[in-house]
Amino acid sequence: MSNKVRVRFAPSPTGGLHLGGVRTVLYNYLFARHHGGEFVLRVEDTDQTRFVEGAEDYIVKCLEWCGLNPDESPQKGGPFVPYRQSERKHLYYQYAQQLVDAGHAYYAFDTPEELERKRNDLAKDGNPGTNFQYDSSTRGSMRNSLSLNNQEILELLDKNTPYVIRIKMEHGKTITFTDMIRGEITFDTSLVDDKVLLKADGMPTYHLAVVVDDYLMKITHAFRGEEWLPSAPVHLMLWDKLGWKDSMPQWAHLPLILKPDGHGKLSKRDGDRLGFPVFAMDWYDPKTGDTTKGFKEIGFLPEAFVNMLAMLGWNPGMEQEIFSLEELVQHFSIERVHKGGAKFDYEKAKWYNQQHIHQSSDEKLLPLVKPYLTEHGVNTDDAYLLKVIALIKERCTLLPDFWDQGHFFFKTPEIKELDTIKGKWDDNKKNFFNTWTEGLKSLTDWNHTAIEHTFNDHLQQHNLKKGDILLPLRIMLVGGKYGPGVFVIAEMIGKEETVKRIGQAVGLL
RNA sequence: GGCGCGUUGGUCAAUCGGCUAAGACGCCUCCCUUUCACGGAGGAAUGACGGGUUCGACUCCCGUACGUGCUACCA
């Protein structure tokens, strides 16, 4: 079994791609790359009622944005084509039938309504919170190929009665397996119900499909969320009874990503409620017409997003926290993934982005920043933008901050802090600005040191201190109390604009 | 209710029997900066509880509590 490592991400295309989903992709990807293996994308679209237009395409785009491209996928193809379970429909029946023939599965004719009623009845007169289980204790009283006689079964089949195929869980056996993250895990098979394997519409359920496809696609390691742990015994038994035990992948059940406040799994609603994205990219839901904000659109760098997600539940055991994708690949190991769920912390997420912005070259940032200028009707040449980026990138956390922190380099700002100047305004200061700007007009060498020199000279002449004037000047040029050095700003925006802004501001006072 | 899984500061977390329990985010103080940041120096803040095992337990075992997941012809 010197098999090449093969892992898969198997989303169902029902909506936006959630943080937890991206992290699952990421761990798959990192594991595959770390071991020089292959990473495949398989679309689990077996539930036709939940199909959402555009969801698959959206998932592919998210992976692309994150830089986590699969080696095989519905789009790229590969040796195990097709990669969409709906297109593999014909494959599953034979395996379900194989299990029926061997006595490990059976036909069940109970209608959804009958089952529903059964559950309701039990909830009514029974203990609340108790659920009806279709298992070894109840299957004898249900309508299935185990309880009915051959004649009855044949009749039902003859009349084309819809049926499902259910697994016949063994009674009183202990199933154990070793999870790569959690170690040994044990189940009592009597407590697991007879899950549906093949639905009445001929589609497999997740339970049958994962096992069959993981086998057929030669998957060596299967990573999925912790919520799948309770159904693991079903899958284990399937691998066993289908006779594929020797090629069963190694399992790893990933911890959940939890709400930052309170408790429970992180959901899209938490993002809306608490004001942060939960999806990788903007998701437009064709059913509701709503768009949910994504990390990309809110201004995250994909490498920061991925870095942050990697560290949410995994730790390399060293002090370094900022990693490139390549470095993550190098250091990743599934054994170092945490067992416990992690609460998502948006503040920390933003910190990762800030760090990655700081580390990015101005050239790399340029194309990412540009759209935010265009959005505000600004068209500028790259050389100038590059200088601006260098000046302000250390005060930017999210990409839109480049506009908030740098707009005054491109447009005359609205003076929002006029009151700050007004409070201590007098004729002497007014005089200072008037005579200084006059002098500025004849300044031939327009650079920040020269500007600062004339500034200092004029201060003395007017018997003013730097502290009296510096902040007013900043507000006149910037509009507020922020930004890089004032004289550098003056140099950047040019003589004319500088004189103009001061003049206009003085006029307002 | 049943079953599974989990539990180190507010959050992410290191530790694989020697702990005076790292580091990061956030928070607070100070320095740098006559703006805002960046950066630097400090500070407050942690092993759920109870039993074992052991010379020694955050680390191993057992209970309890709490949390969380599953309990669909959904994934």
Side-chain angles (χ1 to χ4, degrees), chain A residues 10-14 44-47 49-50 108 110-112 115-116 119 123 126-135 162-166 179 181-182 185-188 190-193 195-207 209-210 224-233 253 255-256 258 260-261 263-265 308 311-322 336 338-352 354-355 358 392-397 401 405 417 420 465-475 478 480-486:
Chain A
S12 94
T14 51
E44 310 227 332
D45 54 350
T46 53
D47 187 352
T49 63
R50 293 211 309 163
D110 319 273
T111 65
L115 292 168
E116 182 66 16
R119 276 188 269 269
N127 342 318
T130 309
N131 269 322
F132 168 71
Q133 273 220 358
Y134 207 122
D135 60 17
Y163 66 91
V164 301
I165 294 180
R166 305 187 91 110
D179 186 279
I181 295 170
R182 293 153 205 279
I185 296 174
T186 303
F187 298 91
D188 177 353
S190 318
L191 273 4
V192 182
D193 52 353
K195 292 272 185 249
V196 170
L197 262 22
L198 204 77
K199 301 185 247 189
D201 65 1
M203 275 287 191
T205 59
Y206 172 83
H207 306 294
V210 243
R224 49 162 38 161
E226 188 186 336
E227 68 267 28
W228 288 109
L229 216 35
S231 55
H253 289 87
L256 267 13
L258 277 10
D261 64 335
H263 306 287
K265 256 204 298 196
M308 165 248 130
M311 306 303 283
L312 201 59
W314 170 79
N315 185 290
M318 55 208 252
E319 294 225 335
Q320 186 180 343
E321 283 198 89
I322 303 302
R336 290 196 66 94
H338 254 248
K339 296 183 175 93
K343 287 187 185 171
F344 176 66
D345 181 359
Y346 188 50
E347 292 307 316
K348 185 82 185 240
K350 285 194 288 191
W351 176 79
Y352 277 103
Q354 182 200 57
Q355 294 297 307
H358 293 188
I392 63 174
K393 75 173 171 193
E394 66 196 19
R395 53 204 92 205
C396 294
T397 298
D401 292 344
Q405 291 292 328
E417 297 266 2
T420 307
K465 280 175 293 181
K466 219 173 180 178
D468 300 328
I469 293 298
L470 217 47
L471 192 60
L473 175 58
R474 164 174 300 282
I475 293 169
V478 170
K481 295 189 273 190
Y482 57 93
V486 240

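First the proteins, then the strands, lettered A, B, ... as listed; each starts at 1. These numbers were taken from a predicted model, which means no experiment stands behind them. Only heavy atoms go into these numbers, but all of them, side chains included; no hydrogens, no water, no symmetry mates.
Base contact: Thr111(A) has a heavy atom under 4.0 Å from a base atom. Using a 4.0 Å heavy-atom cutoff across all strands shown, Ala342(A) reaches sugar-phosphate atoms only and no base atom. Contact annotation for Thr49(A): no contact, since no heavy-atom pair falls under 4.0 Å across all strands. Nucleic acid contact class of Asp188(A) (heavy atoms, under 4.0 Å, all strands): none. Residue-level contact check: Glu44(A) touches the backbone only, with heavy atoms under 4.0 Å from sugar-phosphate atoms and none from bases. Arg50(A) comes within contact range of at least one nucleobase, with a heavy-atom separation under 4.0 Å. Among the atoms of the strands shown, only primed sugar atoms or phosphate atoms (P, OP1, OP2) are found under 4.0 Å from some heavy atom of Lys265(A). The residue His338(A) sits close only to the backbone: its heavy atoms come under 4.0 Å of sugar-phosphate atoms, none of a base. Counting any heavy atom pair closer than 4.0 Å across all strands shown, Gly264(A) reaches sugar-phosphate atoms only and no base atom.
Side-chain atoms of Arg474(A) come within 3.5 Å of backbone N or O of Tyr482(A) as a donor-acceptor pair. A donor-acceptor pair is defined here as one N or O able to donate and one able to accept, closer than 3.5 Å; no such pair exists between the side chain of Arg166(A) and the backbone of Leu197(A). Between the Lys199(A) side chain and the Thr46(A) main chain, a donor and an acceptor come within less than 3.5 Å of each other. Thr205(A) places a side-chain N or O within donor-acceptor distance of the main-chain N or O of Val196(A), the cut-off being under 3.5 Å.
OP1 or OP2 of rC74(B) has not a single side-chain nitrogen or oxygen of His207(A) nearer than 4.0 Å. Between Ser231(A) and rU71(B) there is no side-chain polar atom (N or O) within less than 4.0 angstrom of OP1 or OP2. Proximity of Lys199(A) to the phosphate of rA75(B): a side-chain N or O atom is located under 4.0 Å from OP1 or OP2.
If you check rU68(B), rA14(B), rC12(B) against the side chain of Leu256(A), the one that comes closest is rU68(B). Which of rC74(B), rU71(B), rC70(B) sits closest to the side chain of Pro230(A) comes down to rC70(B). Distance from the side chain of Val196(A) is smallest to rC73(B) among rA75(B), rG69(B), rC73(B). Out of rC38(B), rC3(B), rU15(B), the shortest distance to the side chain of Arg336(A) is found at rU15(B).
Between the side chains of Asp110(A) and Tyr134(A), at least one donor N or O lies within less than 3.5 Å of an accepting N or O. Using a 3.5 Å distance cut-off with no hydrogens or angles, the side chains of Arg224(A) and His253(A) do pair a donor with an acceptor.
Here Ser12(A) contributes atom OG and Asp47(A) contributes atom CG; the two are 7.5 Å apart, rounded to the nearest 0.5 Å.
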Completion exercise
Going 5' to 3' through nucleotides 23-35 of chain B and flagging B where a protein heavy-atom sits under 4.0 Å of the base, S where only the sugar-phosphate is that close, and - otherwise, we get SBS--------BB
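Between Lys348(A) and Glu321(A) there is a salt bridge, since a side-chain N of the basic residue sits under 4.0 Å from a carboxylate O of the acidic one.
Ring-plane geometry between Trp228(A) and His207(A) is classed as perpendicular, the angle between the planes exceeding 60 degrees on a 0 to 90 degree scale with a lower cut at 30.
Counting to the nearest Å, the P atom of rG4(B) and the CZ atom of Arg224(A) are 17 Å from each other.
If Leu258(A) and Asp193(A) are placed on RNA chain B by their nearest nucleotide, the residue sitting closer to the 5' end is Leu258(A).
Lys466(A) meets the side chain to side chain donor-acceptor pair (under 3.5 Å) test with Glu452(A); sequence neighbours excluded.
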Practice task
Any chance you could encode RNA chain B as dot-bracket? Rule is Watson-Crick or G-U wobble with both distances under 3.5 Å; [ ] for pairs crossing earlier ones, | for another strand.
Solution key: (((((((..(((.....[....))).(((((.......)))))....(((((..]....))))))))))))....
